There are 2 protein chains.
Amino acid sequence: MPELPFTLDQLRILKAIAAQGSFKKAADLLYVTQPAVSLQIQNLEKQLEITIFDRGGRKALLTEAGRLLLEYCERILNQCDEACKAIEDLNSLKGGTLVIGASQTTGTYLMPRMIGLFRQKYPEVSVQLQVHSTRRTGWSVANGQIDLAIIGGQLPSDLENLLQVIPYATDELALVLPTKHQLSNKKELLKEDLYKLNFVTLDSQSTTRKVVDKLLQDSGLDIQRLKIEMELNSLEAIKNAVQSGLGASFLPVVSIERELAAGTIHKAFVADLEVKRELKLITNPSRYTSRASEVFKKNILPQFASLESPLRHV
Amino acid sequence: MPELPFTLDQLRILKAIAAQGSFKKAADLLYVTQPAVSLQIQNLEKQLEITIFDRGGRKALLTEAGRLLLEYCERILNQCDEACKAIEDLNSLKGGTLVIGASQTTGTYLMPRMIGLFRQKYPEVSVQLQVHSTRRTGWSVANGQIDLAIIGGQLPSDLENLLQVIPYATDELALVLPTKHQLSNKKELLKEDLYKLNFVTLDSQSTTRKVVDKLLQDSGLDIQRLKIEMELNSLEAIKNAVQSGLGASFLPVVSIERELAAGTIHKAFVADLEVKRELKLITNPSRYTSRASEVFKKNILPQFASLESPLRHV
DNA sequence: AGTCTCCATAAATTTTAATTATTCAAATAA
DNA sequence: TTATTTGAATAATTAAAATTTATGGAGACT
């Protein structure tokens, strides 16, 4: 590592003198005294072993070496200015990247709207959405690859302690039936009715599937008795299956808003059964929080949060 | 003039940490203590209002803002290195420009050889030769447009005081005749013989012409009685005229070396007549002397100087 | 738990840069 | 010419900044 034979301040002074043609005027321009300017130039000349200015005549004129140095000087100072501007933009959210993690469900149905709102407010910040499993998303937040994430499942306990987990909204997992299913007419189903249904579910590795299983079990159902027609790994596929009359399913309400409105799918109510899960915001408190991430958390998320969410009161 | 929010040293430290992934290692690399590094980065972060490093984990990792800054950092430091190299080259004569002034004669017949020698030793220094009148050359040296010059005539007296004038060589102005001229056979001419000749001369504005006239006059000749066949403004033209038998002329010996060797022109000796002029080196003592100029004066010129020249003993 | 490594912090020191006051030199004006 | 002005160099002092030594704390590895 070579030592630097000059400082940015010296270059700034050099430029000022060259522009003004005078040490004194340069000093005035830079709000310092004339000796300060003289000494810095002397230092510079000593360090580089060159003469920079001809002080003979009325004006301070550049020597050949001075002109050479000035050329670089301008380039260097321009780069510095540019760097400052870029940093400022980043600070004022006119640049930069926000990396958001999400599970399949939120990533597909919720995040696009949120990101849309964010981009509307801060169009210069590019947003990257990474859809992964809850586990992988958790690790990505832990090691900083993701700024913040929304998850619907349970984090491994080691990660749970490492990360900041804030409940942010409640996501209902609604029982949906084909519209033409005979049970679709009943106003309210009984838990027993569930055993009569054929289910189309997510595959058993999925966090959402695990959550549903656990909630059903907790409410006293014997999930072994539930008939599973097929396991698919995509909510869209399941939705299509349900619409085609292949069976019933517990699906996040956010994922079926359109279908409910269109009446192509039926949402059933089951007495004494609420299948709800917490959507949680996770961030890494031990890592740097980018401005974009901060703003997203403070301004965007609350608009999508349920009323009882802590984020409402931030 | 905006204040600079960072210093080159800070950028250097930033780069080192980014490369080493550790504050401590960067400190070792830069031969400073670890707190020095920490504090500088803290200053930098405070100034720019950004976080640059995530200090959480095993390694110091760049944040987004840090990566952005690092990019500019590298560019800036590269420019700095380049500037240093350019200055070094200039100092060690591996670059730069040397501007030399000369009169018609020396510029045509002498300087090319000198410049050739110089370029052989310092091929990276580009040399510019400006051939002008003595007067104009003098002014150019005075205002720094020319680093050094060789002149054969007399400077205006105001310039003479301003500039440093060092006699450097003696230039003989030889009487040359066509080889077939009848007087070419005589071993030695008399001054009287000159009146029998037809002369081909430089035009009367030329410094060399003035010098010749004055020297002839000083040696007792009546220059009005000399017959001038024609006046030309180029030595080459005069040489051709002489070789074609159109007349005689006083020409600098340096300009006719080739013709004398080839025997296409005859150099006559005149009893009691020496037409010699001093070639003088002029420089501007009140101006910066470039390294190239210094070297040219010290190392190149003496090799072409007559024995009695002061330059011989520098 | 214990040790090690790495970074942050505090206080003291050193180094560097700036200021005031003055001198010097050249240019302008009387 | 001499006086006056202007711009730059120099010296001494003061102010500011960076560096060091010494120390504390937090996470990683054994």
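Labels below follow one simple rule: chain letters A, B, ... track the order of the sequence lines, proteins then strands, and each chain is numbered from 1. The model shown is predicted, which means the values in this text are computed figures rather than measured ones.
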Give the rounded distance in Å between these two atoms: NZ of B/K59 and C1' of D/dA26. 20 Å
Using the salt bridge (charged side-chain N to carboxylate O under 4.0 Å, His left out) criterion, which residues pair with B/D147? Sequence neighbours excluded. none
In a table with atom names and distances, give each donor-acceptor pair under 3.5 Å that connects a side chain of residues 62-71 of chain B to protein atoms at least two apart or in another chain.
residue	atom	partner	partner atom	Å
B/T63	OG1	B/T51	O	2.6
B/T63	OG1	B/I52	O	3.3
B/T63	OG1	B/A65	N	3.4
B/T63	OG1	B/G66	N	3.1
B/E64	OE1	A/T97	N	3.3
B/E64	OE2	A/T97	N	2.5
B/R67	NH1	B/L62	O	3.3

Round to the nearest Å and state the distance from B/F23 atom CZ to C/dT9 atom C1'. 14 Å
Mind calculating the distance between CG (A/L4) and C1' (C/dT16) to the nearest angstrom? 16 Å
Would you confirm whether the ring centroid of A/F23 sits within less than 6.0 angstrom of the ring centroid of A/F53? yes
Taking only residues two or more places apart in sequence or in another chain, which ones pass side-chain hydrogen bond (donor to acceptor under 3.5 Å, both in side chains) with A/Q34? A/S38
Interatomic distance, A/L61 CG vs C/dA26 P [rounded to whole Å]: 16 Å
Using five pairs at either end of the helix from C/dA1-D/dT30 to C/dA30-D/dT1, determine the angle between the two local helix axes and round it to 10 degrees. 20°
Counting distance only, does the side-chain N/O of A/D171 pair as donor-acceptor with the main-chain N or O of A/L279 below 3.5 Å? no
According to a strict under-4.0 Å criterion, is B/S38 in side-chain N/O contact with OP1 or OP2 of C/dC7? no
Test side-chain hydrogen bond (donor to acceptor under 3.5 Å, both in side chains) applied to A/T134 - qualifying residues, sequence neighbours left out: A/T207
Spacing between A/K46 atom NZ and D/dA9 atom C1', to the nearest angstrom: 12 Å
side-chain hydrogen bond (donor to acceptor under 3.5 Å, both in side chains) with A/E82: which residues, sequence neighbours excluded? B/Y72
Tell me the interatomic distance from A/K24, atom NZ, to C/dA26, atom C1', rounded to whole angstroms. 17 Å
By side-chain contact (heavy atoms from CB on, under 4.5 Å) - contacts of B/Q10 (at least two apart): B/F6, B/T7, B/Q40, B/N43, B/L44
Given atom CZ of A/R55 and atom C1' of C/dA25, what is their separation to the nearest angstrom? 14 Å
Send over the distance from A/D54 CG to D/dA9 P, rounded to a whole Å. 12 Å
All N/O contacts under 3.5 Å from nucleotides 13-22 of chain D to the protein, with atom names and distances to one decimal?
residue	atom	partner	partner atom	Å
D/dT19	OP2	B/Q40	NE2	3.2
D/dT20	OP2	B/T33	N	2.8
D/dT20	OP2	B/T33	OG1	2.7

OP1 or OP2 of C/dC7 under 4.0 Å from side-chain N/O of B/Q42: no
Going by side-chain hydrogen bond (donor to acceptor under 3.5 Å, both in side chains), name the residues that satisfy it together with B/Q154, two or more places apart in sequence or in a different chain. B/E160
